[in-house]
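One structure is given below, encoded as C-alpha cells.
Order of listing sets the numbers, starting from 1, for every ligand and every atom in it. Residue indices begin at 1 and follow the sequence shown. Predicted model only: the values in this text are computed from it and were never measured.
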Amino acid sequence: MEDNLTLLQRIYDPQTFRQQGHALIDQLATYFESAQSPAASQVFPAQEPLSSYAFWQAEFDAPLRNDPAAFFDDVIQQSVKPHYPSYMGHQVAVTAPAAALAGLLSSVLNQGMALYEMGMVSVPLERLVIELLAKRIGYSANSGGILTSGGTLANLTALLAARALKAPAAVWTEGNQERLAIMVSEEAHYCVDRAARIMGLGNAGIIKLPTDERFKMRTDLLEPYLDAAKAQGLHVIAVIGSCCSTSTGSHDNLEAIADFAERHNIWFHADGAHGGAAVFSQQYRHLLQGIERADSVVMDFHKMLMIPALATGLVFKRNEDSFRTFQQRAEYLWNNTEADWYNLGKRTFECTKYMMSLKIATVLRLYGEAAFAAAVDQTYDLGQKFAKILAKRPNFELAMEPECNIVCFRVIKPGVSDLNAFNLELRQRVLEKGNFYLVQTTLRGVVYLRVSLMNPLTTEKELEMLLDELESFSIQRVFA
Ligand SMILES: Cc1ncc(COP(=O)(O)O)c(C=O)c1O
C-alpha cells in the first residue's frame, strides 16, 4: 500500500506533468485539426442522460488509470464540439486556442484574486482589461469595474449597486424598508428576474415591459408603467436594457431608456452579456448607441469574444459606484474600508476567483483588439447572410430580420397542422443525426429553430447544408 507522501509526490511529479501535458496538447491539436477538416461532422454526440451517466459510472468504477489520455479522449469524443463549423447552438465562445493555454497557466498558478497579494499579475491585468472595455463603451477615465463569474452574477452585482445608490433606505444595514422594483423587458434573460428575486423584490417588484414586433422593449410604455408602479407604492430603483436579448438577439433602444432613467433618477443598467461585444466593432457599434449613458454595463468575454468560460466584464460609469455593492469588512483579508482598486474582493461577489484577465490579455497581446472586432464582424455578418439564404428558400420562414448572429426561423410545410410540433421534431432528428447543433425557442406561442452563429469559421456552406438537411427530413416525414 502506497503511503501518503509517496502518493502526493507522484501527484506533483514534474516529469509526469510534462509527458501528460504534451499528450493532451497533441490530443487537442488533433481536435482543432478535425474541426477544420472538410469532413468535420458529429458536432453533437447525441446520448440520453442515463446512458451517459452509466458510461461515466463504469469509468468511475474501473481500476485506476496511470495515464489520463484515454479518459480525456472519451471526454472530447462525447462533448459537443463548438469548434466545428456546424456548431450553431447556445451562446458559448468558440475558444481561441491561445486563451485556452492561458487557462492552463491560470489553473496551475491558481492565484486567489480576492486581494492584490494573491493576484499580483492578474489584478493589474484585470484593471487594464476593464479600462479598455470602458473606453470602447465610451466611458470616461472616471469609470471602473471588475471581472466576474458570468453575466448572471454580474447582473446581480450591478443591481446590488443600483439598490445601494437608489433605494431610499440603506438596505445593506437596515434590510428592505420599502417595496423596491426594477423595470425590464419581457424578453430579458431570466437571470435578471432571478437577481431581482434574490434581492427580495418578489413578483410585484419585477415590472416586465412588453416588446414590439421586433421583440424590443416598448419604451413608450416606460412612463405609464412607472406611474402605475408608483400608484402601487413601489419604488423603482433600476431599468435594464437588453443589448441584445437572448432569444432573438434584439437590441433595446438604449437612448430612450437612458432618457427615461435620467428623468426619474433611476439606475440604468445595460445587459450586454452577448451583444455588448459589439463595442469592439466599428461596423456594429451602432446597435449599442446609448450604452455609454448606462450607469453599469455587463459584457461576457466568454460569449462573443473567444474566451473560455467564465469571464464577464462589469463596468460602472463612475468607478466609486463599484465599491457600493458590498460594504463589508474582512479583517483577515484587508484591514481598511478604503476604495483600493487592487483588493478586488471588496467589489466582487467571489472571494476566490480564477485569473480571468489572463486569457483575455493573452488574446490581446497576441492579436490585438482586432481579434475581438473580427469575431463580432464575422459572426454578425453571417447572421445577415443566413437571413438572405432563408429568404430564397420557400420552405423556410424567418421570425424577424436578425440584428446580429442570433437567427430564429422555422420550416413551413403545407398540410402540416401543428407546425410547432413539426419543427420540434425536425430539430430532434437533426440532433439525433448529430451533424449540426441548433437550438429552439418559442416566440408568442410559435416554435422557432434558433441558431447563434458563434463560430467565426462557420460559412454559408454549412448554413446551406443545415437547410438541406432540414428540408430532406421535412420531405421524408409522412403525415397520417
Ligand atoms: C442577455 C444575457 N444576459 C445574461 C446572460 C447570462 O450570462 P451567463 O451565462 O454568463 O451567466 C445571458 C446568457 O445567455 C444573456 O444572453
Side-chain angles (χ1 to χ4, degrees), residues 80 82 87-95 99 133 137 145-160 162 182 184-198 206 208-209 211 214-217 238-254 257 268-279 284 287-288 291 294 296-315 348-350 353-354 356 359-360 376 379-380 383 402-408 437-441 443 450-454:
V80 167
Y87 176 87
M88 302 165 189
H90 288 289
Q91 294 147 273
V92 301
V94 177
T95 54
L133 178 57
I137 287 169
I146 48 151
L147 292 173
T148 189
S149 303
T152 298
L153 203 61
N155 280 326
L156 173 58
T157 309
L159 292 178
L160 289 173
I182 59 161
V184 66
S185 118
E186 63 187 1
E187 283 297 320
H189 191 265
Y190 74 85
C191 70
V192 175
D193 181 286
R194 181 177 288 190
R197 287 176 199 281
I198 290 169
I206 305 165
K208 292 210 172 139
L209 283 105
T211 50
R214 299 193 51 126
F215 301 94
K216 294 168 187 274
M217 179 196 277
V239 56
I240 295 104
S242 302
C243 50
C244 53
S245 65
T246 311
S247 254
T248 58
S250 305
H251 293 72
D252 286 344
N253 181 340
L254 302 182
I257 298 174
F268 170 25
H269 174 64
D271 179 3
H274 180 96
V279 295
Y284 290 101
L287 292 170
L288 301 171
I291 195 169
S296 51
V297 174
V298 159
M299 200 279 297
D300 281 350
F301 286 90
H302 63 262
K303 285 193 167 58
M304 291 301 300
L305 299 182
M306 303 177 288
I307 304 298
L310 292 163
T312 299
L314 167 58
V315 196
T348 57
F349 217 107
E350 304 94 329
K353 75 174 186 188
Y354 85 89
M356 288 177 186
K359 296 174 186 175
I360 304 164
V376 172
T379 52
Y380 278 31
E403 291 185 304
C404 60
N405 60 334
I406 297 173
V407 186
C408 301
Y437 180 42
L438 78 171
V439 295
Q440 70 199 38
T441 190
L443 302 171
R450 173 176 173 276
V451 294
S452 24
L453 301 169
M454 302 304 287

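Annotation: ring-ring contact (aromatic ring centres under 6.0 Å, His included) contacts of Y437 (sequence neighbours excluded): F44, Y87. When the salt bridge (Lys or Arg N to Asp or Glu O under 4.0 Å) test is applied to R197, the partners found at least two apart in sequence or on another chain are D193.
Side-chain contact check for F215 versus E403: every heavy-atom pair is 4.5 Å or farther apart.
With hydrogens and angles disregarded, no donor-acceptor distance shorter than 3.5 Å links the side chain of H269 to the backbone of I240. Counting only distance, with no hydrogens or angles, the side chain of H189 and the backbone of C191 share a donor-acceptor pair below 3.5 Å.
Within 4.0 Å of ligand 1, heavy atoms belong to protein residues Q91, G150, G151, T152, N155, H189, C191, C244, T246, D271, A273, D300, H302, K303.
Applying the salt bridge (charged side-chain N to carboxylate O under 4.0 Å, His left out) test to residues at least two apart or on different chains, the pairs with a partner in residues 298-310 are D300-K303.
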